[in-house]
Protein chains: 2
Amino acid sequence: MKKVKKMKRYDELLVEFKKILKENRLKYTIQREVILKVLFDSKKHTTPEEIYDLVKVRFPKLKTGIATVYRTLNLLEANNVINSITFGAMGKKYELDNKPHHDHLICDECGKIIEFEDEEIEIRQCEIAKKYNFKIKSHIMQLHGICEECEKGGERVDI
Amino acid sequence: MKKVKKMKRYDELLVEFKKILKENRLKYTIQREVILKVLFDSKKHTTPEEIYDLVKVRFPKLKTGIATVYRTLNLLEANNVINSITFGAMGKKYELDNKPHHDHLICDECGKIIEFEDEEIEIRQCEIAKKYNFKIKSHIMQLHGICEECEKGGERVDI
DNA sequence: TTTTATGCAAAGACTTTGCAGGAGA
DNA sequence: TCTCCTGCAAAGTCTTTGCATAAAA
């Protein structure tokens with residue numbers, strides 16, 4: 001039941017990604033790799049628009065279109081290389097599926113996201129699922145509220 | 001800490017809604033009530049489009065525009081009369097905030113939503129929040145997977 | 001050579017907004 | 001009367017799609 005996920009290095013991730021491409025008869029392109037790289041380096045949850053901008057800044061010679069970003073994100077998500085998370089009005093954000101399972105504390109004031117893991121909750125979730133004969137594949141848990149800094153009147157932080 | 005919410009009758013809900021309108025110097029209109037009524041009667045999570053259609057079917061004489069539906073939903077949500085929940089690609093859905101706090105099991109196959117309550121998880125969430133000095137205002141927990149019927153190869157159900 | 005990707009621009013889906021007329025307080 | 005609402009249509013977002021060209025296999 002318990003699946004421990006080890007943080008992958010970038011080269012491992014790339015090998016895995018190329019394998020997925022091959023299995024689906026898709027082609028390796030520099031745009032696809034660059035988007036993966038940007039996601040790998042991003043330590044936060046990132047919107048398609050932000051990814052597009054990062055690609056333009058870091059690889060200015062490569063003319064990458066926003067459509068390719070969307071297409072690649074959909075591809076990566078469909079193959080479980082990345083996850084998406086949707087906040088109220090803030091839209092969809094992506095992160096690499098490259099760390100142990102975790103959930104999120106989200107500050108509704110500054111938008112900051114704090115990640116945490118809690119085995120006890122995971123266990124309880126399995127029990128609940130069992131009660132309903134439901135087979136859990138994934139879950140989303142977001143605790144919304146006000147973070148310590150905002151409570152004290154801190155500054156605005158980027159997510 | 002523990003706030004037990006009793007299921008309200010429609011007349012109680014309406015009184016509360018009128019109070020909110022008054023407090024915000026907003027006007028009572030038949031469109032606003034009708035949208036609230038449709039939400040009250042709907043036992044499922046409902047999209048703006050569905051609410052719009054229901055209003056047209058149930059109150060055909062009233063020419064209600066989709067813009068009013070959106071405006072009213074935003075108003076109701078801002079005043080915590082309704083909650084919204086966002087599923088992956090299925091868009092935003094609303095439900096009356098009129099039952100004890102609960103979370104959702106969501107079948108990725110047929111889209112069915114099963115609601116459940118679990119005090120143990122709520123307690124654990126408070127502990128986690130305390131650890132991060134985070135003040136929780138609300139939370140979202142969705143367990144995604146396959147429901148019993150779909151696992152057995154059941155039929156498609158509307159949410 | 002064959003197939004799939006890409007960028008661009010156009011189209012789509014969903015939601016919000018501006019406005020003039022209409023309804024509530 | 002004065003203010004807020006409404007429907008309509010137009011404008012905004014965000015995302016996807018069609019197409020001709022370009023790049024990978």
Side-chain angles (χ1 to χ4, degrees), chain A residues 14 17-39 45-56 59-79 81-82 84-94 159, chain B residues 14-15 17-38 45-56 59-79 82 84-94:
Chain A
L14 188 57
F17 181 48
K18 287 185 177 176
K19 198 171 132 237
I20 289 168
L21 292 177
K22 195 158 290 175
E23 281 167 0
N24 292 284
R25 281 187 212 77
L26 301 171
K27 294 179 178 172
Y28 166 88
T29 66
I30 190 70
Q31 285 87 347
R32 283 176 175 165
E33 172 165 354
V34 152
I35 290 164
L36 184 68
K37 181 85 176 98
V38 163
L39 279 160
H45 298 75
T46 316
T47 63
E49 193 77 32
E50 286 168 340
I51 293 164
Y52 175 62
D53 290 339
L54 283 168
V55 167
K56 279 199 297 188
F59 306 90
K61 286 181 193 165
L62 198 64
K63 288 242 169 308
T64 310
I66 188 87
T68 299
V69 173
Y70 277 104
R71 282 187 281 232
T72 304
L73 289 172
N74 289 341
L75 167 64
L76 290 170
E77 188 171 25
N79 286 283
V81 178
I82 61 177
S84 71
I85 175 171
T86 307
F87 304 105
M90 301 184 210
K92 213 170 180 181
K93 299 192 176 188
Y94 294 87
I159 312 177
Chain B
L14 188 57
V15 168
F17 180 49
K18 286 185 178 174
K19 198 171 132 235
I20 289 169
L21 292 176
K22 196 158 288 177
E23 280 167 1
N24 292 282
R25 281 187 212 78
L26 301 172
K27 293 178 176 169
Y28 166 87
T29 65
I30 189 71
Q31 285 86 345
R32 283 176 175 166
E33 172 165 355
V34 152
I35 291 164
L36 183 69
K37 181 85 175 96
V38 163
H45 297 77
T46 317
T47 63
E49 192 78 35
E50 286 168 341
I51 293 164
Y52 174 63
D53 290 340
L54 283 167
V55 168
K56 278 198 299 189
F59 306 90
K61 285 180 193 165
L62 197 64
K63 287 242 169 307
T64 309
I66 187 88
T68 299
V69 173
Y70 277 104
R71 282 187 280 232
T72 304
L73 289 173
N74 288 342
L75 167 66
L76 290 170
E77 188 172 24
N79 287 283
I82 60 176
S84 70
I85 176 171
T86 307
F87 304 104
M90 300 185 213
K92 213 170 181 182
K93 298 192 174 188
Y94 294 86

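In the text below, chain A, chain B and the rest are named by the order of the sequence lines, each starting its count at 1.
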Nearest to the [X] side chain among [options], which nucleotide is it?
{"X": "A67(A)", "options": "dT15(D), dT17(C), dC8(C)", "answer": "dC8(C)"}
{"X": "T29(B)", "options": "dT6(D), dT15(C), dT6(C)", "answer": "dT6(D)"}
{"X": "Y70(A)", "options": "dT17(D), dC14(C), dC14(D)", "answer": "dC14(D)"}

[X] has an atom [atom1]; how far is it from atom [atom2] of [N], in whole Å?
{"X": "N24(B)", "N": "dG24(C)", "atom1": "CG", "atom2": "C1'", "result": "16 Å"}
{"X": "E49(A)", "N": "dC14(D)", "atom1": "CD", "atom2": "C1'", "result": "9 Å"}
{"X": "I66(B)", "N": "dT16(C)", "atom1": "CD1", "atom2": "C1'", "result": "12 Å"}
{"X": "E33(A)", "N": "dA23(D)", "atom1": "CD", "atom2": "P", "result": "17 Å"}
{"X": "I35(A)", "N": "dA5(C)", "atom1": "CD1", "atom2": "C1'", "result": "11 Å"}
{"X": "I51(A)", "N": "dT15(D)", "atom1": "CD1", "atom2": "C1'", "result": "14 Å"}
{"X": "Y52(B)", "N": "dT16(C)", "atom1": "OH", "atom2": "P", "result": "16 Å"}
{"X": "K22(A)", "N": "dA25(D)", "atom1": "NZ", "atom2": "P", "result": "8 Å"}

For a quick test of reading the model: is some side-chain N or O of [X] closer than 4.0 Å to OP1 or OP2 of [N]?
{"X": "Q31(B)", "N": "dA23(C)", "answer": "no"}
{"X": "N74(A)", "N": "dT15(D)", "answer": "no"}
{"X": "R71(A)", "N": "dA5(C)", "answer": "no"}

* Structure fact -> Rounded to 10°, the angle between the first-five-pair and last-five-pair axes of the helix from dT1(C)-dA25(D) to dA25(C)-dT1(D) is 30°
Under a 4.5 Å cut-off applied to non-hydrogen side-chain atoms, are [X] and [Y] in contact?
{"X": "V81(A)", "Y": "L39(A)", "result": "no"}
{"X": "K93(A)", "Y": "T47(A)", "result": "yes"}
{"X": "V34(A)", "Y": "T64(A)", "result": "no"}
{"X": "L26(B)", "Y": "Y28(B)", "result": "no"}
{"X": "T46(A)", "Y": "V38(A)", "result": "no"}
{"X": "L75(B)", "Y": "R32(B)", "result": "yes"}

What pairs of nitrogen or oxygen atoms, one from the protein and one from nucleotides 1-3 of chain C, lie under 3.5 Å apart?
from   : atom 1 : to     : atom 2 : distance (Å)
dT3(C) : O2     : K27(A) : NZ     : 2.1

* Side-chain H-bond candidate by donor/acceptor type, Q31(A) with T68(A), under 3.5 Å -> no
* Asked: With a 4.0 Å cut-off on heavy atoms, is L26(B) in touch with a base, just the backbone sugar-phosphate, or nothing at all?
  -> sugar-phosphate
* Asked: Among I35(A), I66(A), T72(A), which one satisfies side-chain contact (heavy atoms from CB on, under 4.5 Å) with V55(A)?
  -> I35(A)
* Applying side chain to side chain contact (heavy atoms under 4.5 Å, CB included), run through L76(B) and F17(B) and close with a yes or a no. => CA-CA 9 Å; L76(B) 290 170; F17(B) 180 49; 3.4 Å; yes
* Asked: Which atom pair, heavy atoms only, marks the closest approach of S84(A) to E77(A)?
  -> OG-OE2, 2.6 Å
